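Since this is a predicted model, take the numbers as computed values, not measurements.
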Amino acid sequence: MSRKIRWGILGCGNIANKFADDLRWVDDAELMAVASRDQAKAIEFSKRHNSKLAFGSYEDLVASPEVDVVYVATPHGLHREHALLCIQHKKAVLCEKAFALNSFDANVMIDAAKKNQVFIMEAFWTKFIPQFEKVVSLIQSGAIGEIKLIQADFGFKAPTPPAPRLYEPHLGGGALLDIGIYPVFLAISLLGRPVEIFATMKPFPTGVDQQIAIVVKFDTGALANLSATFEAVTPVEATITGSEGCIRMTNRFHNPTGNVALVKNFEPVDIGPIHREEGHGYQFEARHVGECLRKKLIESPVMRNADTLLLMETLDRIRTVCGIHYPADERK
């Protein structure tokens, strides 16, 4: 493939706007097409981001021969349907998180991609940002010794009334899948599969979680204390404490605006500079997808399908403990 990677964006919401903005920082990418169920919205989005094509249906987008890969940016309750639509038309898929509503749907999506020899990856942008890479490097170098405790939070005040995607069970509503996914991702990315999960939540009247608190135990004995809420603005910070020191991730730990500090014996330790770029931070994952497609891979070696399945299985286990149920859970 000598030309640039040609992107399509399925869904024209807020996160799609940010992703489209950031494609301009990816030398090997161009925004070719966008699609919305609302033709006028697609045209407006296309004009704003200078895409060549604007479609009023998702089917037209995935059928276009001018699109190599589709970024699925619809609410996570629709990800299975839209990812399978892309795969059916042999389009590579970058699917926004949460990847699916549950591990069953995630397996269906991944199996379909494998069967059709089509690339698919969960768009977990945090895994590709320089701050997270720095944290992983520090841990792997032994800078804090063995991890003993992880603490992470994410919270904001949802508008009144909240958007349906935040509280409707059929859309995968609730704090856990919307923002709690970030603390859970951090913990299992660093410590692997949990051996025990304890959790409690405060429900919306619809039964999904308005706020949730989780304690996770790992086979090393390490613990993670995680929380998410739609009822309050929290620091959105993470602390990873080891036997020899701790790493603090502040100013939105999941985000490229975040800061990373290493502390030993209550004293800061110089960890050198962290690479910063303009943009929102989605360009890092977009570059990686382009590299994978150039190599004709159908799975990322960084955000592996196994990583996505472990995350979805862990979220399922947390929901089971708390009694959070989605209609999609009946789909077996």
Side-chain angles (χ1 to χ4, degrees), residues 1 3-20 22-23 26 28-101 105-125 165 171-172 282 285-286 288-294 296-300 303 305 308 328 331:
M1 191 186 295
R3 51 174 169 71
K4 290 185 176 182
I5 303 294
R6 302 172 300 178
W7 283 85
I9 296 180
L10 193 155
C12 295
N14 182 52
I15 198 165
N17 268 295
K18 292 179 179 179
F19 185 87
D22 281 355
L23 282 181
V26 184
D28 193 32
E30 62 177 322
L31 180 56
M32 180 60 64
V34 301
S36 170
R37 295 296 191 197
D38 181 338
Q39 177 77 56
K41 186 174 183 180
I43 292 171
E44 189 275 332
F45 190 101
S46 177
K47 288 179 179 178
R48 186 184 318 142
H49 298 291
N50 299 311
S51 75
K52 179 180 176 182
L53 303 169
F55 296 110
S57 82
Y58 300 147
E59 291 78 6
D60 289 344
L61 171 69
V62 300
S64 172
E66 297 193 64
V67 173
D68 301 312
V69 54
V70 176
Y71 172 57
V72 175
T74 48
H76 38 258
L78 301 172
H79 286 175
R80 168 178 160 149
E81 173 190 346
H82 295 153
L84 292 178
L85 180 66
C86 295
I87 293 165
Q88 178 186 346
H89 288 81
K90 305 294 185 180
K91 301 300 184 188
V93 180
L94 175 64
C95 185
E96 192 49 58
K97 40 124 217 19
F99 187 73
L101 290 183
D105 283 358
N107 269 299
V108 168
M109 294 155 65
I110 289 168
D111 288 346
K114 288 178 179 177
K115 180 179 179 181
N116 286 274
Q117 290 294 288
V118 171
F119 177 89
I120 192 167
M121 187 186 91
E122 183 175 13
F124 219 112
W125 67 321
R165 70 175 185 83
L171 295 177
Y282 297 95
E285 65 181 1
H288 176 74
V289 171
E291 292 166 2
C292 290
L293 296 182
R294 292 283 180 200
K296 302 187 184 306
L297 302 179
I298 63 168
E299 179 177 352
S300 164
M303 188 65 201
N305 293 337
T308 290
R331 188 164 54 203

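- Residues D68 and K90 are not paired through a salt bridge, judged by the lack of any N-O separation under 4.0 Å between the basic side chain and the carboxylate.
- Taking CZ from R6 and OG from S64, the interatomic distance works out to 7.5 Å, rounded to the nearest 0.5 Å.
- In this structure, L94 and V72 have side chains that are not in contact, with every pair of non-hydrogen atoms separated by 4.5 Å or more.
- Counting only heavy atoms from C-beta outward, the side chains of V62 and Q88 never approach each other to under 4.5 Å.
- Remark: side-chain polar atoms of K91 are paired, donor with acceptor, to backbone N or O of V67 under 3.5 angstrom.
- Using a 4.5 Å heavy-atom threshold, the side chains of S51 and M32 count as separate.
- Across all their heavy atoms, A63 and H89 have their closest contact at CA-CD2, 4.0 Å.
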Legend entry - Audit row: L31, I9, side-chain contact (heavy atoms from CB on, under 4.5 Å) steps and yes/no: CA-CA 8 Å; L31 180 56; I9 296 180; 3.8 Å; yes

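- Side-chain contact between F99 and I120 is present, with at least one heavy-atom pair separated by less than 4.5 Å.
- Between the side chain of E299 and the main chain of N305, a donor-acceptor pair closer than 3.5 Å is present.
- To the nearest 0.5 angstrom, L293 atom CG is 11.5 Å from I298 atom CD1.
- Nearest heavy-atom pair, L101 versus G77, reported as atom, atom and distance to 0.1 Å: CD2-CA, 3.7 Å.
- To the nearest 0.5 Å, atoms NE2 (H82) and CG (L10) are separated by 5.5 Å.
- Remark: the backbone N or O of V118 is not paired with any side-chain donor or acceptor of N116 at under 3.5 angstrom.
- E59 has a carboxylate O that lies under 4.0 Å from a charged side-chain N of R37, or vice versa, which qualifies the two as a salt bridge.
- Contact record, G290 with I5: CA-CG1, 4.1 Å, taken as the closest heavy-atom pair.
- With 3.5 Å as the limit, one finds a donor-acceptor pair spanning the side chains of H49 and N17.
- I15 is listed as a side-chain neighbour of Y71, based on a closest heavy-atom distance under 4.5 Å.
- If you take CZ on F19 and CD on E96, they are separated by 9.0 Å, rounding to the nearest 0.5 Å.
- The shortest heavy-atom contact between M303 and M121 is O-CG, 3.7 Å.
- Residues W7 and V289 form a side-chain contact, since some pair of their non-hydrogen atoms from C-beta on lies under 4.5 Å apart.
- Annotation: the span from H79 atom NE2 to D105 atom CG amounts to 11.5 Å, rounded to 0.5 Å.
- Counting all heavy atoms, side chain and backbone alike, A29 lies closest to L23 at CB-CD2, 4.1 Å.
- The minimum heavy-atom distance linking A100 with A106 is given by the pair CB-N, 3.7 Å.
- Considering only heavy atoms from C-beta on, R80 comes within 4.5 Å of L84 through its side chain.
- In this structure, the separation between OH on Y58 and CG on D60 is 12.0 Å, given to the nearest 0.5 Å.
- Formation of a donor-acceptor pair under 3.5 Å by the Q39 side chain with backbone atoms of S36 is not found in this model.
- Using a distance-only test at 3.5 Å, with no hydrogens or angles considered, a donor-acceptor pair links the side chain of H76 to the main chain of G172.
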